[in-house]
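Lettering follows sequence order; numbering is per chain, from 1.
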2 protein chains.
Amino acid sequence: MATVTIRDVAKRAGVGIATVSRVLNESPLVSDETRHRVLAAIAELDYSPSAVARRLSRGKSMAVAVIAPFFTRRSYVERLQGIENVLSTSGYDLILYNVETVARRDECLRAVPRGERLDGLLILSLTPDDDEVRQFAALGVPAVLIDAYHPALPTVQIDDVAGTRTAVQYLIDLGHRRIAYIGETLDQNPLKFQPINDRYQGYRAALDEAGIPFCPEYHRQGKYGWREARHMTHELLDLPEPPTAVFAYSDTMAFGVLEAAQQRGLDVPGQLSVIGFDDVEIAQYFRLTTVRQPLHESGARGAELLLECMDSDDGVASPAVGPRHIVQPTELVIRSTTANVATIDLNAEVAY
Amino acid sequence: MATVTIRDVAKRAGVGIATVSRVLNESPLVSDETRHRVLAAIAELDYSPSAVARRLSRGKSMAVAVIAPFFTRRSYVERLQGIENVLSTSGYDLILYNVETVARRDECLRAVPRGERLDGLLILSLTPDDDEVRQFAALGVPAVLIDAYHPALPTVQIDDVAGTRTAVQYLIDLGHRRIAYIGETLDQNPLKFQPINDRYQGYRAALDEAGIPFCPEYHRQGKYGWREARHMTHELLDLPEPPTAVFAYSDTMAFGVLEAAQQRGLDVPGQLSVIGFDDVEIAQYFRLTTVRQPLHESGARGAELLLECMDSDDGVASPAVGPRHIVQPTELVIRSTTANVATIDLNAEVAY
DNA sequence: TGCCCAATTGGAACCGGTTCCATGCTGCCT
DNA sequence: AGGCAGCATGGAACCGGTTCCAATTGGGCA
């Protein structure tokens, strides 16, 4: 119970505290004989050094904070896994901060890096403003952004515009002209997720390039979640001229689209094509055509980048080259929820 | 950049460091006038106290470690969310340790509580042995178990045996006699998850009670995951006398059962009844009949219990009453994957 | 044999807070 | 007017490590 300290060990081994410290830190400046005596004393006393004290005197805390919005969403869980995998082999602890509101976002971005309790910051999908970035620098805390961008910070991203454009382009190539977009609310995007804008832009761009006029009715936005997506899909299908294809902002929302189609006895992909985004693990189950982004790897790369920054003590990786901006590739994974537009799609026989 | 310390603030405000500390800790022993001067100095210098130093001198680290196996599985994510919700309002940091191997399990359970970097331990699904529990006590680190049991520690659990028995009982009541069990491997259960044994026992118990002989062929075990479950289901359906109902160890595995059925054009629940376990969020999507356990709440309750333990400085909640063992209720949620056993089930027409 | 250098080692300062204890001061009571 | 209580405050020790620096010792070389 009474905590045994380095001084107890020193006394027991009949050496000075500095020597014990050397043994603990595997300094070569200790004779074998002394080392063994110290190790014996450590074993006998069942001593383990206080990480806190070590942190204070070393000025390093051996911990990394991960700030993630809605970490329960599948895409974040997979990224988190990538981060954890890298961190767990590096000796750094992973401190998790979940963000679901703007207030909490501000609190995390401002308060968390203070107090020198962490050596690095990994931020998912949230974009710090210039003030906050300045503060990171002032505090000497290296930060890496995943799925977000800031010119002064290393980032790991994908090209959401291009990924979406490719997907919608594919639908167009299949002959679709009435293509809907179901996404998270664009207008009120309190946490300012960049993909919300970018994917919508990619959709518009693909339409433009093909000379297909944008139809506001086909653009639906609502809360994240399959239930909401299902609801929006029903609205879409109630239109006098319903779409023949739907691009969904995320796989999760695509599942809602699939369910709505099923509820109406619409054949997918015969009567409705559906594309998602992310390629989360269960997308394969649904045979969902989707835009794959390397979720797990984005987390891993981000964590690696951060480790680099923390090693180079200037706090910025790749000296004098400025922060690295990594753009990972996306890939259209074609499964079974997309097909050529039906030539005759009016005699939709209701199965149930 | 140069870190500003409490001494800088003291100098700036023209007071002693003790006074600054008092202001920081909202001690009433400071005059209003002095307090304001100090606060002004803090603001001017943009000072923020070092959490590490505070931890060292106070002996509290304001952090809780959460040790979770396979934290990416949906059931753990939901529990984690419950934990996070409670912890984030309490001022404690959440340090996440993911466990996927026995080696890592041992490392986490032994090394993590050392080093006084945390005030409490929340362990999911892993059962520490007596030595480890003794060490927690010796180190003065309160620990709470979620989805696991140890007599000396507070625990939050469900009754897996009863939950499963109720589910299988329900299948029996529907007239099923050929009831299969698809689960995680019983024999090699390296992390010793208790539900793996308990749910199987519940299955056997329900069979016994109804006087239905256990058929080893109907008991399939394999790795966790819907792909593996799908495979096992196909084996089951290839039997000369295939089961008419399947109890799956988890919802995720139940999804694999559903897929196998779909691949064969078997109508669920017309020709095959399926029950899962957990009631993860997406189970509703599949209209899966399942045994609901309060995942989110189990995390929240566990975290609350831990906070109680940490407050009462003897490290054990509810003084002199011994550790609390909370058993949360399970509930059979009947949706659309279960039905009366088909009276004629041989002319299964293959749809595709 | 004497000297210098390298290898070991111990002491003490330091990291940045908290807190015990002593001190100065004011004000009230007798 | 003297004394004491009590508030407000500053100094210094302390938490448990790391690390600089000085000291001791032994061996090699001139």
Side-chain angles (χ1 to χ4, degrees), chain A residues 1-39 41-42 45-63 91 114-119 139-140 313, chain B residues 1-39 41-42 45-63 91 114-119 139-140 313:
Chain A
M1 189 63 226
T3 36
V4 18
T5 77
I6 198 171
R7 288 161 227 268
D8 300 323
V9 176
K11 201 178 299 173
R12 173 80 166 223
V15 300
I17 53 168
T19 304
V20 178
S21 178
R22 286 191 195 97
V23 171
L24 288 175
N25 295 290
E26 291 166 352
S27 155
L29 296 170
V30 196
S31 72
D32 274 354
E33 197 249 325
T34 311
R35 180 189 316 281
H36 283 120
R37 254 210 338 274
V38 171
L39 290 175
I42 288 178
L45 265 39
D46 190 32
Y47 164 79
S48 53
S50 157
V52 179
R54 177 172 291 177
R55 284 167 191 190
L56 178 58
S57 52
R58 267 220 278 252
K60 286 202 67 178
S61 59
M62 294 307 288
R114 290 171 166 272
E116 52 191 38
R117 70 188 128 186
L118 39 96
D119 297 325
L139 260 23
D313 47 10
Chain B
M1 187 64 225
T3 37
V4 18
T5 77
I6 198 171
R7 289 161 226 269
D8 300 323
V9 176
K11 201 177 300 171
R12 173 81 166 220
V15 300
I17 52 169
T19 304
V20 178
S21 178
R22 286 191 196 99
V23 171
L24 288 175
N25 295 289
E26 292 168 350
S27 154
L29 297 169
V30 196
S31 71
D32 273 354
E33 196 250 324
T34 311
R35 180 190 315 282
H36 283 120
R37 255 211 336 274
V38 171
L39 289 175
I42 288 177
L45 265 40
D46 191 31
Y47 163 78
S48 53
S50 157
V52 179
R54 177 172 291 177
R55 284 168 192 189
L56 179 59
S57 52
R58 266 222 278 253
K60 285 203 70 178
S61 59
M62 293 308 287
R114 290 172 167 272
E116 52 191 40
R117 71 188 126 186
L118 38 97
D119 297 325
L139 259 24
D313 47 9

| field | Full working for side-chain contact (heavy atoms from CB on, under 4.5 Å) between Asp46(B) and Val4(B) | value | CA-CA 8 Å; Asp46(B) 191 31; Val4(B) 18; over 6 Å; no

| task | On DNA chain C, reading 5' to 3', which nucleotide is the first and which the last to sit with an atom under 4.0 Å from a heavy atom of chain A, could you check? | result | dT8(C) to dG16(C)

| message | One pair to check against side-chain hydrogen bond (donor to acceptor under 3.5 Å, both in side chains): Asn25(A) and Arg58(A). What are the steps and the verdict? | response | CA-CA 12 Å; Asn25(A) 295 290; Arg58(A) 267 220 278 252; 3.2 Å; yes

| When you measure from the side chain of Asp119(B) to the backbone N and O of Met62(B), does any donor-acceptor pair fall under 3.5 Å? | yes

| request: Find the bend of the helix from dT1(C)-dA30(D) to dT30(C)-dA1(D) as the angle between its two terminal axes (five pairs each), to the nearest 10°. | output: 60°

| Pairwise side-chain contact, Tyr47(B) with Val38(B), heavy-atom cut-off 4.5 Å (strictly under) | no

| Is any side-chain heavy atom of Ser21(B) closer than 4.5 Å to a side-chain heavy atom of Ile6(B)? | yes

| task | Give, ordered by number, those residues of residues 24-35 of chain A having at least one heavy-atom distance below 4.0 Å to an atom of DNA chain D; if nothing qualifies, reply none. | result | Asn25(A)

| message | Nearest 0.5 Å, please: how far is CZ in Arg54(A) from OG in Ser61(A)? | response | 13.0 Å

Return a table of donor-acceptor pairs under 3.5 angstrom between the side chains of residues 8-18 of chain A and protein atoms on other chains or two or more places apart.
{"unit_1": "Asp8(A)", "atom_1": "OD2", "unit_2": "Thr5(A)", "atom_2": "N", "d": "2.8"}
{"unit_1": "Arg12(A)", "atom_1": "NE", "unit_2": "Glu44(A)", "atom_2": "OE1", "d": "2.7"}
{"unit_1": "Arg12(A)", "atom_1": "NH2", "unit_2": "Glu44(A)", "atom_2": "OE1", "d": "2.4"}

| request: Classify the nucleic acid contact of Thr5(A) as base, sugar-phosphate or nothing, counting any heavy atom under 4.0 Å across all strands shown. | output: sugar-phosphate

| query | With sequence neighbours left out, what residues match Ser48(B) under side chain to side chain contact (heavy atoms under 4.5 Å, CB included)? | reply | Arg114(A)

| task | Indicate, with a heavy-atom threshold strictly under 4.0 Å, whether Gly14(B) touches base, sugar-phosphate, or nothing. | result | sugar-phosphate

| task | Could you check whether Ser50(B) gets within reach of a base, just the sugar-phosphate, or nothing at all, counting any heavy atom under 4.0 Å? | result | sugar-phosphate

| field | Interface residues of residues 6-13 of chain B with DNA chain C (non-hydrogen, below 4.0 angstrom) | value | Ile6(B), Arg7(B)

| note | Contacts of Arg7(A) meeting side chain to side chain donor-acceptor pair (under 3.5 Å) (sequence neighbours excluded), chain-then-number -> none

| Sorted by number, the residues of residues 53-63 of chain B with heavy-atom contact under 4.0 Å to DNA chain C | Ala53(B), Arg54(B), Leu56(B), Ser57(B), Arg58(B)

| field | salt bridge (charged side-chain N to carboxylate O under 4.0 Å, His left out) involving Arg117(B) - partner list, sequence neighbours excluded | value | Asp93(A)

| said: Using the salt bridge (charged side-chain N to carboxylate O under 4.0 Å, His left out) criterion, which residues pair with Glu33(A)? Sequence neighbours excluded. | reply: Arg37(A)

| message | Going by the rule side chain to side chain contact (heavy atoms under 4.5 Å, CB included), which residues pair with Ser27(B) if we only count those two or more places apart in sequence or in a different chain? | response | Arg22(B), Leu29(B)

| For Val15(B), which contact category applies under a 4.0 Å heavy-atom criterion: base, sugar-phosphate, or nothing? | sugar-phosphate

| said: Ser50(A): which residues meet the side chain to side chain contact (heavy atoms under 4.5 Å, CB included) condition with it, sequence neighbours left out? | reply: Val52(A), Ala53(A), Glu116(B)

